[in-house]
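As the structure is a computational prediction, the values presented were derived from the model and not from experiment. All chains are named by letter (A, B, ...) in the order of the sequence lines, taking the proteins before the strands, and each is independently numbered beginning at 1.
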Number of protein chains: 2
Amino acid sequence: MTVTESTPRPDGKDRYTISEVAAFTGLTAHTLRWYERIGLMPHVDRSHTGQRRFTNRDLDWLELVGKLRLTGMPVAGMVRYAELVRQGEHTFGERQQLLQDTRRDVRARISELQDALSVLDYKINYYAGAGAAPCAPEGATS
Amino acid sequence: MTVTESTPRPDGKDRYTISEVAAFTGLTAHTLRWYERIGLMPHVDRSHTGQRRFTNRDLDWLELVGKLRLTGMPVAGMVRYAELVRQGEHTFGERQQLLQDTRRDVRARISELQDALSVLDYKINYYAGAGAAPCAPEGATS
DNA sequence: TAGGACGTTGGAGTGCACTCGAAGCAAGCG
DNA sequence: CGCTTGCTTCGAGTGCACTCCAACGTCCTA
């Protein structure tokens with residue numbers, strides 16, 4: 001369902017059908033086409049009959065996109081990044097900035113989660129040692 | 001916009017209007033009413049004219065809900081937890097289980113984020129030392 | 001007692017990120 | 001040749017978590 005797992009890049013191959021890519025990435029074919037429509041893919045090659053032929057480069061890109069997606073970066077942000085990549089090397093600074101902003105967000109998110117985790121631990125402990133406390137303080141009982 | 005900040009519980013007060021609670025929690029009045037509708041609040045008291053009067057207990061509950069929300073727990077899960085609380089002490093075990101499941105998810109999420117963070121760091125470093133690399137390996141240039 | 005801020009309800013609308021359906025080509029196989 | 005499988009496009013639908021609206025009632029201060 002979710003992506004998470006690696007890309008068992010099969011062999012010396014470099015042209016993949018959409019369903020192969022779907023299998024590798026865990027994304028659906030629909031989603032891959034949608035990514036392309038919204039400008040999140042760097043122009044996918046086509047066969048003589050117009051079918052998509054993804055390359056290892058595309059697979060790498062999708063792996064990165066997967067990571068960015070895991071950070072919670074909105075799709076619009078990833079599209080922005082893709083645009084910068086398309087525009088060439090002179091956007092290195094801007095790309096770096098975008099990634100740094102994302103890093104800041106991720107760091108903040110991690111500490112939020114760690115904070116929440118400690119509340120969770122506290123309550124789990126409470127329930128572990130409970131069952132006989134008649135009038136526990138507020139909040140602790142919830 | 002987002003909640004994040006503490007609840008400057010003003011004084012010996014124990015009856016708050018919806019807008020006071022909104023100010024304390026960072027939630028909107030709309031959202032507070034919605035929480036009540038969907039069963040995420042433990043029956044809020046009313047004034048003689050039918051207006052909501054929240055107590056410190058409600059504020060505590062909302063603080064917990066805020067934490068659970070930060071974990072990414074879906075609203076349905078929080079509603080489930082609220083139901084268990086309403087049902088009394090015999091649901092302690094189930095509540096603990098639910099919290100433990102959530103903790104597992106949060107831990108997993110944290111390591112996902114840390115993983116993504118290292119990719120981010122890698123790329124940021126790349127851009128930091130770049131600008132002159134003509135043909136960097138795939139993926140590194142994205 | 002008048003004005004304005006704040007409260008109530010039910011239900012509809014929003015934004016995001018997919019997710020799916022329908023209709024129609026194209027390739028490969030027995 | 002017919003069949004299956006897979007591809008194409010466009011556009012509509014889904015699920016989540018709000019978010020807002022309209023119409024109206026209430027509270028407080030001058």
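- Distance A:Ile18 CD1 to C:dC20 C1': 14 Å, rounded to the nearest Å.
- Not counting sequence neighbours, B:Thr71 has no partner by the side-chain hydrogen bond (donor to acceptor under 3.5 Å, both in side chains) test.
- Residues from residues 36-49 of chain B with heavy atoms under 4.0 angstrom of DNA chain C, sorted by number: B:Arg37, B:Arg46.
- When each of B:Arg15, B:Gln51, B:Arg57 is paired with B:Asp45, the side-chain hydrogen bond (donor to acceptor under 3.5 Å, both in side chains) condition holds for B:Arg15 and for no other.
- Proximity note for B:Tyr35 (side chain, C-beta onward) versus D:dC18, C:dA17, C:dG7: the nearest is D:dC18.
- For the pair B:Arg33 and B:Glu36, the salt-bridge criterion is not met [side-chain N within less than 4.0 Å of a carboxylate O].
- Nucleic acid contact for A:Thr17: sugar-phosphate only, since backbone atoms but no base atoms lie under 4.0 Å from a heavy atom of the residue.
- Out of C:dC18, D:dA17, C:dT9, the shortest distance to the side chain of B:Arg52 is found at C:dT9.
- Rounded to an integer number of Å, the gap from B:Glu20 CD to C:dA5 P is 17 Å.
- One atom, CZ of A:Arg33, and another, C1' of C:dA22, lie 13 Å apart when rounded to the nearest Å.
- There is no side-chain donor-acceptor pair under 3.5 Å between B:Ser118 and B:Asp121.
- In this structure, a donor-acceptor pair under 3.5 Å is present between the side chains of A:Thr55 and A:Asp58.
- Here D:dC27 presents its C1' atom at 9 Å from CZ of B:Arg53, a figure rounded to the nearest Å.
- Side-chain proximity of B:Ser19 to D:dG6, C:dG21, C:dG7: nearest is C:dG7.
- The distance from the OH atom of A:Tyr126 to the NZ atom of A:Lys123 is 8.0 Å, given to the nearest 0.5 Å.
- Following rounding to the nearest Å, A:Trp34 (CH2) and D:dG11 (P) show an atom-to-atom distance of 17 Å.
- Put simply, CG on B:Leu32 is 16 Å from C1' on C:dT9, counting in whole angstrom units.
- Between A:Pro74 and B:Gly50, the residue anchored closer to the 5' end of DNA chain C is B:Gly50, taking for each the nucleotide with the nearest heavy atom.
- Under 3.5 Å, the side chain of B:His30 and the base of D:dC18 form no donor-acceptor pair of N or O atoms.
- Residue A:His43 qualifies as open at atom NE2: its count of foreign heavy atoms under 6.0 Å is 12 or below.
- Each of C:dC18, D:dA17, C:dG7 was ranked by its minimum atom distance to the side chain of A:Arg69; first place goes to C:dC18.
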